[in-house]
Amino acid sequence: MKTIIEPFRIKVVEPIRMTTQDERRELISKAGYNPFRLRAEHVLIDLLTDSGTGAMSTHQWAGVMEGDESYAGAKSFFRFDAAVRGIFGHTHVIPTHQGRASERLLCRAVVKAGDVIPGNTHFDTTRANIEDARGEALDIPVPEARDPEDLSPFKGNIDLDRLHHVLATVGRERVPFVLITVTNNSGGGQPVSMANLRATRELCDHYEVPLVLDAARFAENAYFIKLREEGYADKTPREIAREMFSYSDGALMSMKKDAFGNIGGVVSINSDAWAEKVRTLLILTEGFVTYGGLAGRDLEALAIGIDEILDEDYLKYRIASTAYVGAHLHACGVPLLRPFGGHAIYLNGRRFCEHLTDEQLPGWSLSAALYEHTGVRACEIGNVMFGRPDPADGKWRWPALDLVRLAIPRRVYTQSHMDYVIEGIDELHRKRKRIPGLRFTHRPAVLPHFTATFEPITR
Ligand SMILES: Cc1ncc(COP(=O)(O)O)c(C=O)c1O
């Protein structure tokens with residue numbers, strides 16, 4: 001059979017409410033043209049993020065009832081510890097409430113002013129936490145990552161020549177670690193190859209610099225390796241994931257993605273010295289070392305989720321169902337980033353809205369128009385998220401790609417929801433020249449996309 005079905009059946013449903021285009025025009029205007037500021041109940045299909053939005057399984061919900069809420073040494077912590085350790089294999093497993101808490105703890109513990117942290121492409125919160133510790137977050141993806149049409153299989157890879165150069169010139173005193181994000185979310189959900197991880201490890205060994213993975217979507221990355229890299233077709237996703245982590249000295253993870261969690265994160269590291277510092281900071285702001293800001297029931301659900309995610313039937317469906325959306329949009333002529341990512345399809349904002357300049361925020365304007373036209377909420381990963389005025393001359397610097405991410409929550413929407421999304425985007429694409437550009441009315445200095453407001457330029 002060629003048809004790939006959802007490998008689950010639905011036991012509980014949550015109604016979603018239809019709205020009219022007139023209502024949505026009013027709602028997005030009241031939200032300052034920022035989809036983050038909409039009430040979720042006014043969204044029909046929510047593709048803002050795949051983070052914390054997944055549906056938990058019957059086993060996870062059963063685990064919730066088993067949650068041990070003891071302050072210290074809860075049974076649920078030891079289950080969590082064993083589940084993470086069984087895949088990641090590091091010495092210290094430290095729970096946190098979500099990914100950015102892990103980032104903050106590690107950056108506060110080991111990043112000094114003037115340090116450089118090279119990576120394939122840092123996620124926005126990672127970049128913000130590195131910069132908050134007065135370090136430099138240096139993105140050095142492979143050159144093909146910047147070309148949305150390039151079909152290379154591992155566009156998430158780090159540029160090894162540039163990494164070599166950075167390590168040789170900046171030196172290990174000022175590079176506390178190299179961070180590789182699997183899959184590369186800000187670069188379009190593109191995977192990192194095992195060969196690239198292995199070669200990064202060798203460079204890190206040579207310069208005695210630790211290698212850390214941002215493992216938010218490690219299972220999707222493992223499955224891409226199975227599909228695309230020679231020598232891995234017969235290995236299980238778990239075996240592949242274990243090999244990926246074997247090249248690392250540590251990992252940060254938002255467990256709201258590839259652990260099927262609605263909340264949760266982890267710092268997993270080998271260094272005793274780092275672990276000591278991280279645990280001290282954890283107690284200051286998150287909680288005791290065996291719960292890290294989570295309830296025992298969360299730890300339990302995450303321990304089950306991180307095992308479930310490696311199920312091959314699930315990963316096959318996950319990657320194929322995302323590609324289904326991409327392939328249909330591509331067939332309609334909608335400009336997209338290709339190959340298709342694991343957790344999301346990324347529309348090419350600049351090409352979709354060719355009539356808008358960078359200053360008119362094409363990707364962001366597209367995301368606002370998409371909501372108005374269809375009720376679908378998406379997230380710009382482009383000019384608003386990463387563009388900033390250069391302190392030297394005040395001129396705006398725009399990122400290489402201005403994308404609109406359609407992130408697909410795990411086990412939540414069916415194929416007919418996706419057919420609606422495809423049809424709506426196709427319709428909007430036909431009328432694309434009518435999408436008005438937007439400009440900022442308020443732009444916060446840090447992570448502007450979450451709370452900024454805008455107004456239309458042409459209407
Ligand atoms: C690659 C990556 N790292 C870190 C984070 C931050 O995680 P959280 O939202 O749990 O704080 C995200 C969230 O989307 C992410 O995609």
Side-chain angles (χ1 to χ4, degrees), residues 35-36 46-54 84 88 94-108 117 119-132 137 139 141 145 155-158 177-192 212-222 224 244 248 250-268 282 285-286 292-294 298-299 301-302 305-306 309 322 341-346 377-382 385-386 403-410 446-447 449-450:
F36 280 97
D46 205 347
L47 307 185
L48 187 71
T49 176
D50 62 321
S51 179
T53 51
V84 173
F88 292 21
I94 305 169
T96 66
H97 81 272
Q98 65 182 85
R100 69 199 70 185
S102 306
E103 292 159 4
R104 183 171 186 279
L105 293 167
L106 189 69
C107 290
R108 283 288 162 115
I117 292 86
N120 48 348
T121 308
H122 297 290
F123 186 65
D124 61 350
T125 57
T126 324
R127 167 173 291 280
N129 274 298
I130 291 171
E131 290 174 356
D132 189 56
D139 292 339
K155 285 164 75 177
N157 285 352
I158 194 166
F177 56 91
V178 172
L179 186 71
I180 304 282
T181 302
V182 292
T183 57
N184 188 350
N185 184 8
S186 305
Q190 301 293 312
V192 177
V212 176
L213 299 188
D214 176 337
R217 298 178 183 82
F218 76 95
E220 290 174 6
N221 200 93
F224 276 122
M244 285 164 51
S248 72
L252 304 172
M253 182 177 179
S254 165
M255 301 184 83
K256 299 167 73 175
K257 285 88 169 171
D258 275 1
F260 288 128
N262 297 130
I263 195 72
V266 72
V267 178
S268 168
L282 184 87
T285 59
E286 296 273 307
L294 294 170
D298 299 323
L299 292 168
L302 294 169
I306 203 166
I309 199 97
T322 304
H343 66 294
I345 292 300
Y346 294 70
R377 176 158 69 168
C379 178
E380 187 249 40
I381 301 208
M385 195 181 270
F386 296 116
L403 304 172
V404 175
R405 184 184 71 175
L406 308 169
I408 305 178
R410 292 168 182 76
V446 179
L447 297 172
H449 53 289
F450 286 128

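When a ligand or atom number is given, it counts from 1 through the structure's own listing order. What you see below is based on every heavy atom in this structure, not just the backbone, and it leaves out hydrogens, waters and symmetry mates. Positions are given from 1 along the sequence. The shown structure was predicted, so the numbers you read here are calculated from the model rather than taken from an experiment.
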Atoms of ligand 1 less than 4.0 Å from Thr181 heavy atoms?
1 (C)
State plainly whether the residues Lys257 and Asp50 are in salt-bridge range, i.e. N to O under 4.0 Å.
no
Identify the protein heavy atom lying closest to atom 10 (O) of ligand 1, giving its residue, its atom name and the separation to 0.1 Å.
Ser254 OG, 2.7 Å
Does Thr53 reach the side chain of Asp46, with side-chain heavy atoms less than 4.5 Å apart?
no
Audit row: Asp258, His343, side chain to side chain donor-acceptor pair (under 3.5 Å) steps and yes/no
CA-CA 10 Å; Asp258 275 1; His343 66 294; over 6 Å; no
Using distance alone, decide if ligand 1 has a nitrogen or oxygen within less than 3.5 Å of any nitrogen or oxygen in Lys256.
no
Residue, atom and distance of the protein heavy atom nearest atom 5 (C) of ligand 1 read Phe123 CD2, 3.4 Å
Does Thr183 reach ligand 1 with a nitrogen or oxygen that is under 3.5 Å from one of the ligand's nitrogen or oxygen atoms?
no
Would you find a donor on one side and an acceptor on the other, under 3.5 Å apart, between the side chain of Asn129 and the backbone of Thr125?
yes
Taking N or O atoms only and a 3.5 Å limit, does Asp214 qualify as a polar contact for ligand 1?
yes
Should Thr125 be counted as touching ligand 1, given the test is an N or O pair under 3.5 Å?
no
protein heavy-atom neighbour closest to atom 12 (C) of ligand 1 works out as Lys257 NZ, 3.1 Å
Number the atoms of ligand 1 from 1 as they appear, then name those within less than 4.0 Å of a heavy atom of Arg217, with their elements.
1 (C), 15 (C), 16 (O)
Quick one: does Gln98 get an N or O within less than 3.5 Å of an N or O on ligand 1?
yes
Assess the side chains of His97 and Asp298: does a donor N or O sit below 3.5 Å from an acceptor N or O?
no
So, are Arg104 and Glu286 salt-bridged, with charged N and O less than 4.0 Å apart?
no
How far does CZ of Phe218 sit from CD1 of Ile306, to the nearest 0.5 angstrom?
4.5 Å
Sub-4.5 Å side-chain heavy-atom contact between Thr181 and Thr121:
no
Please check: side-chain N/O of Asn157 versus main-chain N/O of Asn120, any donor-acceptor pairing under 3.5 Å?
no
List the closest protein heavy-atom neighbour of atom 4 (C) of ligand 1: residue, atom name, distance to the nearest 0.1 Å.
Glu103 OE2, 3.1 Å
Atom 9 (O) of ligand 1 sits nearest the protein heavy atom Arg100 NH2, 2.9 Å
So, regarding Gly99 and ligand 1 (criterion: nitrogen or oxygen to nitrogen or oxygen, under 3.5 Å), is there a contact or not?
yes
